[in-house]
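Basis for what follows: all heavy atoms, side chains included, without hydrogens, waters or symmetry-related copies. Ligands are counted one by one from 1 in listed order, and the atoms in each one are counted from 1 as well. In this text, all values refer to a predicted model and were calculated from it rather than measured experimentally.
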Amino acid sequence: MAPKILVVCGSSREDGNLEQVVGLAATAARAAGAEVRELFLREVQLPMMVWGDPHQAMADEVVQVRALASWADGFVIGTPEYHGSMSGALKNWFDFLYAEFAGKFAGVVATTGGGTGDMSITAVKTCFQWCHGFVLPFHAAASAAAFTGAQLTDPRVIDRVERVGHDVARYAPLLRASFDAARTIEGPAGGVASLHGDAG
Ligand SMILES: Cc1cc2nc3c(=O)[nH]c(=O)nc-3n(C[C@H](O)[C@H](O)[C@H](O)COP(=O)(O)O)c2cc1C
């Protein structure tokens with residue numbers, strides 16, 4: 001079975017730099033044998049999450065993002081760096097999800113103005129880990145200087161983004177299989193997986 005990878009573009013800007021970066025990661029994941037789906041948050045009119053609102057839970061957009069995240073074995077999550085963190089659109093997406101990330105694997109990529117991306121990448125990784133997901137200990141950031149005009153041209157950045165795409169396709173199915181097998185083991189021997197119970 002091909003690894004199922006969801007590539008998420010957390011920018012709300014049309015034709016922003018992040019679209020190229022996540023597109024490159026998606027191509028690399030496909031080259032690694034993955035079935036890839038892409039989610040552009042600017043195309044999804046997700047409401048601002050209101051915890052416990054039953055109408056929101058039934059909204060088409062919410063149902064769609066939850067189904068996509070459930071489907072995925074792993075994620076490439078892309079964020080623009082906004083004020084030293086992830087975008088609000090991406091954090092709002094996260095807030096609709098929790099169990100969908102448990103035992104899954106994610107690689108993170110970012111775009112920045114001039115920064116290194118460390119802050120926004122760390123924010124995304126922390127958020128994913130707090131949902132009991134596992135993250136790739138490597139990442140890629142494309143600052144404005146990595147682009148010539150509208151084109152991503154820095155070969156070092158391109159190389160890093162492609163490595164993220166390949167690694168997510170490589171490790172995501174292994175991790176999901178191990179985690180799902182441990183869900184039904186009782187007690188501490190089941191580790192964090194058995195806290196989540198049967199995926200059903
Ligand atoms: C609200 C806002 C906050 C930003 N904060 C930062 C920042 O903290 N560090 C940085 O390097 N760039 C920052 N930028 C620049 C963006 O990260 C940069 O323009 C990036 O290319 C945006 O992604 P996009 O091209 O996909 O829209 C900020 C931009 C906006 C609009």
Looking at [atom], what's its closest protein heavy atom, distance included?
| atom | answer |
| --- | --- |
| atom 11 (O) of ligand 1 | Gly115 N, 2.9 Å |
| atom 20 (C) of ligand 1 | Thr111 OG1, 3.8 Å |
| atom 21 (O) of ligand 1 | Asn17 ND2, 3.7 Å |
| atom 15 (C) of ligand 1 | Gly113 N, 3.6 Å |
| atom 31 (C) of ligand 1 | Tyr82 CE2, 3.8 Å |
| atom 26 (O) of ligand 1 | Leu18 N, 2.9 Å |
| atom 27 (O) of ligand 1 | Arg13 NE, 2.9 Å |
| atom 16 (C) of ligand 1 | Glu81 O, 3.6 Å |

Number the atoms of ligand 1 from 1 as they appear, then name those within less than 4.0 Å of a heavy atom of [X], with their elements.
| X | value |
| --- | --- |
| Gly16 | 24 (P), 25 (O), 26 (O) |
| Pro80 | 22 (C), 23 (O) |
| Gly84 | 7 (C), 8 (O) |

Between Arg176 and Asp73, does a salt bridge (charged side-chain N to carboxylate O under 4.0 Å, His left out) hold up when you go through it step by step? CA-CA 6 Å; Arg176 187 173 191 179; Asp73 298 323; 2.8 Å; yes
Side chain to side chain contact (heavy atoms under 4.5 Å, CB included) assessment of Met119 paired with Ser85: CA-CA 6 Å; Met119 300 296 284; Ser85 192; over 6 Å; no
Hey, is Glu35 close enough to Arg37 for a salt bridge, meaning N to O under 4.0 Å?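 Between Arg37 and Glu35 there is a salt bridge, with a charged N closer than 4.0 Å to a carboxylate O.
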Basic-acidic side-chain contact under 4.0 Å: Asp159, Arg156: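 Arg156 and Asp159: not salt-bridged.
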Show your reasoning for whether salt bridge (charged side-chain N to carboxylate O under 4.0 Å, His left out) applies to Glu61 and Arg66. CA-CA 9 Å; Glu61 296 79 6; Arg66 286 185 170 146; over 6 Å; no
Please state which part of His83 comes within less than 4.0 Å of ligand 1, counting heavy atoms only: side chain, backbone, both or neither.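 Contact part for His83 vs ligand 1: both backbone and side chain.
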Of Phe134, Trp93, Phe101, Tyr98, which meets ring-ring contact (aromatic ring centres under 6.0 Å, His included) against Phe128?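 When ring-ring contact (aromatic ring centres under 6.0 Å, His included) is applied between Phe128 and each of Phe134, Trp93, Phe101, Tyr98, only Phe101 qualifies.
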If you measure only the distance, is there a donor-acceptor pair under 3.5 Å linking the side chains of Thr112 and Glu81?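 Glu81 and Thr112 do not have a side-chain donor-acceptor pair below 3.5 Å.
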Ignoring hydrogens and geometry beyond distance, is a side-chain donor-acceptor pair present between His139 and Lys125 at under 3.5 Å?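 Indeed, the side chains of His139 and Lys125 share at least one donor-acceptor pair under 3.5 Å.
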